[in-house]
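To keep things clear, I will list the structure first and then write my remarks on it.
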Amino acid sequence: QVQLVESGGGLVQPGGSLRLSCAASGRTFSGVTMGWFRQAPGKDREFVAAMWRGTGRTYYADSVKGRFTISRDSAKNTVYLQMNSLKPEDTAVYYCAAGPTLILSQLRNPDAYNYWGQGTQVTVSS
């Protein structure tokens, strides 16, 4: 059974940092496109970042570019999202997702991802 488990969320002050982790089990995700999405109350789930399978090229939403970094440790079957210079508008539940079959044009579409974690809350507030 494929499972993705996020951790690392919490409460942080504006300007602070958090690192989210997404541990995968049930299969190897080293050759799979991995993404991070977030959903704030009353809003749709939105793309945050992704790492393309194979090349490892990374993609970011404009709102987080330069502040967030996605990375992976294949030996640990874990994907990370380093979040720096956090803003109140980054407050949301963050989800990791795996898309074994998606194509590049679908990278930012949550419906193209097959596997999802349960989410971890990130709150940015003073």
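If you read the sequence from its start, that first residue is 1, and numbering goes on from there.
Through direct or indirect side-chain contacts shorter than 4.5 Å among Ile, Leu, Val, Met, Phe, Trp and Tyr, Val5 is connected to no other residue.
Among residue pairs with one or both ends in residues 53-73, none qualify as ring pair (Phe, Tyr, Trp, His ring centres under 6.0 Å); sequence neighbours excluded. Listed by first and then second residue, the side chain to side chain donor-acceptor pair (under 3.5 Å) pairs involving residues 103-112 amount to none (not counting sequence neighbours). Applying the disulfide (SG to SG under 2.5 Å) test to every pair with at least one member in residues 53-120, sequence neighbours left out, gives these pairs: Cys22-Cys96. Legend: salt bridge (Lys or Arg N to Asp or Glu O under 4.0 Å) pairs involving residues 38-55, not counting sequence neighbours, sorted by first then second residue: Arg38-Glu46, Arg38-Asp90. For residues 78-107, there are no ring pair (Phe, Tyr, Trp, His ring centres under 6.0 Å) pairs, not counting sequence neighbours.
Between Pro88 and Pro14 the shortest side-chain heavy-atom distance falls below 4.5 Å.
In this structure, OG1 on Thr78 lies 11.5 Å from CD on Glu6, to the nearest 0.5 angstrom. Here Asn77 contributes atom CG and Ser25 contributes atom OG; the two are 8.0 Å apart, rounded to the nearest 0.5 Å. Atom CD1 of Ile103 is separated from atom OG1 of Thr33 by 11.0 Å, given to the nearest 0.5 angstrom.
By the side chain to side chain donor-acceptor pair (under 3.5 Å) test, Gln82 pairs with Asn84, sequence neighbours left out. Remark: Phe47 pairs with Phe37 by the ring-ring contact (aromatic ring centres under 6.0 Å, His included) rule, at least two apart or across chains. Scored by the side chain to side chain donor-acceptor pair (under 3.5 Å) test, Ser7 finds no partners at all (sequence neighbours excluded). Residues satisfying the side-chain contact (heavy atoms from CB on, under 4.5 Å) criterion with Thr101, sequence neighbours excluded, are Asn114. Among residues two or more places apart in sequence or in another chain, the side-chain contact (heavy atoms from CB on, under 4.5 Å) test is passed with Ser74 by Ser30, Arg72. Judged as a side-chain contact (heavy atoms from CB on, under 4.5 Å), and not counting sequence neighbours, the contacts of Val32 are Arg27, Phe29, Met34, Ala98, Pro100.
Using a 4.5 Å cut-off between side-chain heavy atoms of Ile, Leu, Val, Met, Phe, Trp and Tyr, with links allowed through other members, Leu4 and Tyr113 fall into different hydrophobic clusters. Placement of Leu81 and Val12 within a single hydrophobic cluster is found when ILVMFWY residues are connected by side-chain heavy-atom separations under 4.5 Å, directly or transitively. Under the 4.5 Å side-chain heavy-atom criterion for ILVMFWY residues, no single connected hydrophobic cluster contains both Val93 and Met83. A single hydrophobic cluster is not seen to contain both Ile70 and Leu102; linkage of ILVMFWY side chains at heavy-atom distances under 4.5 Å, directly or through other members, places them apart. Using a 4.5 Å cut-off between side-chain heavy atoms of Ile, Leu, Val, Met, Phe, Trp and Tyr, with links allowed through other members, Leu107 and Trp36 fall into different hydrophobic clusters.
Between the side chains of Gln121 and Thr123, a donor-acceptor pair is found at a separation under 3.5 Å.
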